[in-house]
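Read the structure below first, then the notes.
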Amino acid sequence: MKRTCFLLCIFCAFTLVSACAAPAQTPAISPATQTVLPSPNEDEARLINVSIQEYSDMLVDEAGKTLATVSSKYPVLVFEGDNAVLTTLNSEILSQERAWADEVLKQCKQTLTPEAVAQAGDFFTPYEYERTWIKTCLTEELVSFKVDYMQYAGGAHPDGAYYGYTYNLDTGTPLGADDIFADVAEADKLMRDGFMEQIKAEAENFYDEAAGILSSGAQLDESLYLTPDGATFALPSYTIAPNTFGIPVFTIVYAGNETLFKVVPECAK
């Protein structure tokens, strides 16, 4: 699926590159800047809810010992009647999660060789990878999800990140930064400034080089999701702060920034 390249290119391949590796004020709203999403097709069923199902798989050795597990708690769009768009979107989401699981286990198979596992001895702990989709905004026109990602591949603590997916429910297409913001450059600046303010306010909780990491650029295209408050961005754990801090997030609120957004969803407060 198309993902819009947007901001801070720091860990866009976080879930796969590190898999099995060792131990996120403008004037009044202007109609000209707003994107009007397509009106619902009255002949098709509309989304009425989102349910969560689970897909899981594992890697075992010849003796049946578990070496790695992968799990995705992914969404299923629930609707009444026939809707080809939503049916296809459900299929695409499941295919995406299966592809992610297959790639992680493929890399684990290359890393967790019999020799590597034997060398770890009694200290070996199976690697774990989890993706949990959480609905953050749902309207008749769009649905947005935060994906809570966790991986444990040895070491003292697991790694984590938030990823974002937003879909137009009339077309089934993903909405990226260019679809959500009328001015991507301004959104980029607000996001960077927001994280910088966090660093200045709680310097003791961030790495000394955190400000430099933010200034160095790169991509946060997969961390953008919509909430009732605004558009939220997240940085993976260990990016600008230790794991004990959690996952840094920043939200560009709708209130006071209406013209920055092409779409202000009905879920907005």
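In this chain, numbering begins with 1 at the start of the sequence shown.
For the residue pair Ser71 / Ser56, no side-chain donor-acceptor distance below 3.5 Å is found, with atom types taken as modelled. Residues Gln96 and Glu92 have side chains that never bring a donor and an acceptor to within less than 3.5 angstrom of each other. Of the N and O atoms on the side chains of Tyr149 and Gln151, at least one donor lies less than 3.5 Å from an acceptor on the other residue.
Here the OG1 atom belonging to Thr132 is positioned 6.5 Å from the CD1 atom belonging to Ile134, to the nearest 0.5 angstrom. The CG atom of Asn90 sits 8.5 Å away from atom OH of Tyr74, with the distance rounded to the nearest 0.5 Å. Here CG of Asp229 is found 6.5 Å from OG1 of Thr251. Values are rounded to the nearest 0.5 Å. Separating the CG atom in Leu214 from the CZ atom in Phe206 is a distance of 9.0 Å, to the nearest 0.5 Å. Of the inter-residue distances, the one linking Leu175 atom CG with Leu226 atom CG reads 8.0 Å to the nearest 0.5 angstrom. Here the CD atom belonging to Glu186 is positioned 9.0 Å from the OG1 atom belonging to Thr259, to the nearest 0.5 angstrom.
A 4.5 Å side-chain heavy-atom check between Leu224 and Thr166 finds every atom pair outside the cut-off. Tyr152 places none of its side-chain heavy atoms less than 4.5 Å from the side chain of Asp159. Inter-residue side-chain proximity for Met150 and Glu128 is flagged as met; some heavy-atom pair is nearer than 4.5 Å. When side chains are defined from C-beta on, Asn49 counts as touching Lys135, because their heavy atoms get closer than 4.5 Å. Between Tyr163 and Ser223 there is no side-chain heavy-atom pair separated by less than 4.5 Å. Within the 4.5 Å cutoff, the side chain of Phe250 has heavy atoms near those of the Ile252 side chain. Looking only at side-chain heavy atoms (C-beta outward), Ile240 and Pro248 come within less than 4.5 Å of each other. Within the 4.5 Å cutoff, the side chain of Ile247 has no heavy atoms near those of the Leu235 side chain.
Glu97 meets the side-chain hydrogen bond (donor to acceptor under 3.5 Å, both in side chains) test with Ser72, Arg131, Trp133; sequence neighbours excluded. By the side-chain hydrogen bond (donor to acceptor under 3.5 Å, both in side chains) test, Asp193 is found to be paired with Lys189, residues two or more places apart in sequence or in another chain being considered.
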Notebook entry, point to check: Does the pair Leu89 and Leu77 meet the rule for a side-chain contact (heavy atoms from CB on, under 4.5 Å), with working shown?
Noted result: CA-CA 8 Å; Leu89 183 52; Leu77 309 180; 3.5 Å; yes
Check: Can you check side chain to side chain donor-acceptor pair (under 3.5 Å) on Gln107 and Glu103, steps first, answer last?
Finding: CA-CA 6 Å; Gln107 294 192 26; Glu103 180 64 22; 3.1 Å; yes
Item checked: Test side-chain contact (heavy atoms from CB on, under 4.5 Å) applied to Thr227 and Cys137, step by step -> CA-CA 5 Å; Thr227 74; Cys137 181; 5.9 Å; no
Notebook entry, point to check: Ile52 and Val76: side-chain contact (heavy atoms from CB on, under 4.5 Å), yes or no, with the steps?
Noted result: CA-CA 6 Å; Ile52 299 296; Val76 175; over 6 Å; no
Notebook entry, point to check: Can you check side-chain contact (heavy atoms from CB on, under 4.5 Å) on Tyr129 and Trp100, steps first, answer last?
Noted result: CA-CA 10 Å; Tyr129 302 84; Trp100 163 76; 3.9 Å; yes
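Tyr162 carries Lys146 over the face of its six-membered ring, with the cationic atom under 6.0 Å from the centre and within 45° of the normal.
Between the side chain of Gln198 and the main chain of Val249, a donor-acceptor pair closer than 3.5 Å is present. Thr66 contributes no side-chain N or O that, together with a main-chain N or O of Ala68, makes up a donor-acceptor pair within less than 3.5 Å. Looking at Asp61, its side chain does come within 3.5 Å of a backbone N or O of Lys65 through a donor-acceptor pair. Between the side chain of Thr239 and the backbone N or O of Pro236, at least one donor-acceptor pair lies under 3.5 Å. Of the possible polar contacts, none joining the Asp57 side chain to the Val70 backbone as a donor-acceptor pair under 3.5 Å is found. Using a distance-only test at 3.5 Å, with no hydrogens or angles considered, a donor-acceptor pair links the side chain of Asn257 to the main chain of Val253. With hydrogens and angles disregarded, a donor-acceptor distance shorter than 3.5 Å links the side chain of Asn83 to the backbone of Leu86. A side-chain donor-acceptor contact under 3.5 Å links Asp179 to the backbone of Gly176. Thr136 places a side-chain N or O within donor-acceptor distance of the main-chain N or O of Ser144, the cut-off being under 3.5 Å.
Here Asp102 does not pair with Arg98 in a salt bridge; the nearest charged N to carboxylate O distance is not below 4.0 Å.
At most 12 heavy atoms of other shown residues, nucleotides or ligands fall within 6.0 angstrom of atom NZ in Lys106. Under a cut-off of 6.0 angstrom, the local environment of CD in Glu62 is sparse, with at most 12 non-hydrogen atoms contributed by other residues, nucleotides or ligands.
Taking both residues in full, the closest heavy atoms of Ala231 and Phe181 are given as CB-CZ, 3.7 Å, listed atom of the first, atom of the second, then distance. In this structure, Ala268 and Val264 approach most closely via the heavy-atom pair CB-CG1, 3.9 Å. Taking each heavy atom of Tyr225 and Gly164 in turn, the nearest pair found is CB-CA, 4.0 Å. In plain terms, the two heavy atoms of Asn168 and Asp170 that are nearest each other are OD1-N, 2.8 Å.
Applying side-chain contact (heavy atoms from CB on, under 4.5 Å) to Tyr127 and the options Thr69, Val104, Leu67, Leu112 leaves one that passes, Leu112.
Hydrophobic clustering, with ILVMFWY side chains joined whenever heavy atoms are under 4.5 angstrom apart, groups Val147 together with Tyr55. In the hydrophobic clustering of ILVMFWY residues, with side-chain heavy atoms under 4.5 Å counting as a link, Leu190 and Met196 come out together. In the hydrophobic clustering of this structure, Phe245 groups with Ile199; members are Ile, Leu, Val, Met, Phe, Trp, Tyr whose side-chain heavy atoms approach within less than 4.5 Å, directly or through other members. Under the 4.5 Å side-chain heavy-atom criterion for Ile, Leu, Val, Met, Phe, Trp and Tyr, Leu105 and Met58 are members of distinct hydrophobic clusters.
Classified by interplanar angle (parallel below 30°, tilted 30° to 60°, perpendicular above 60°), the ring pair Tyr167/Tyr165 is parallel.
Remark: aromatic rings of Phe261 and Tyr254 are close, center separation under 6.0 Å.
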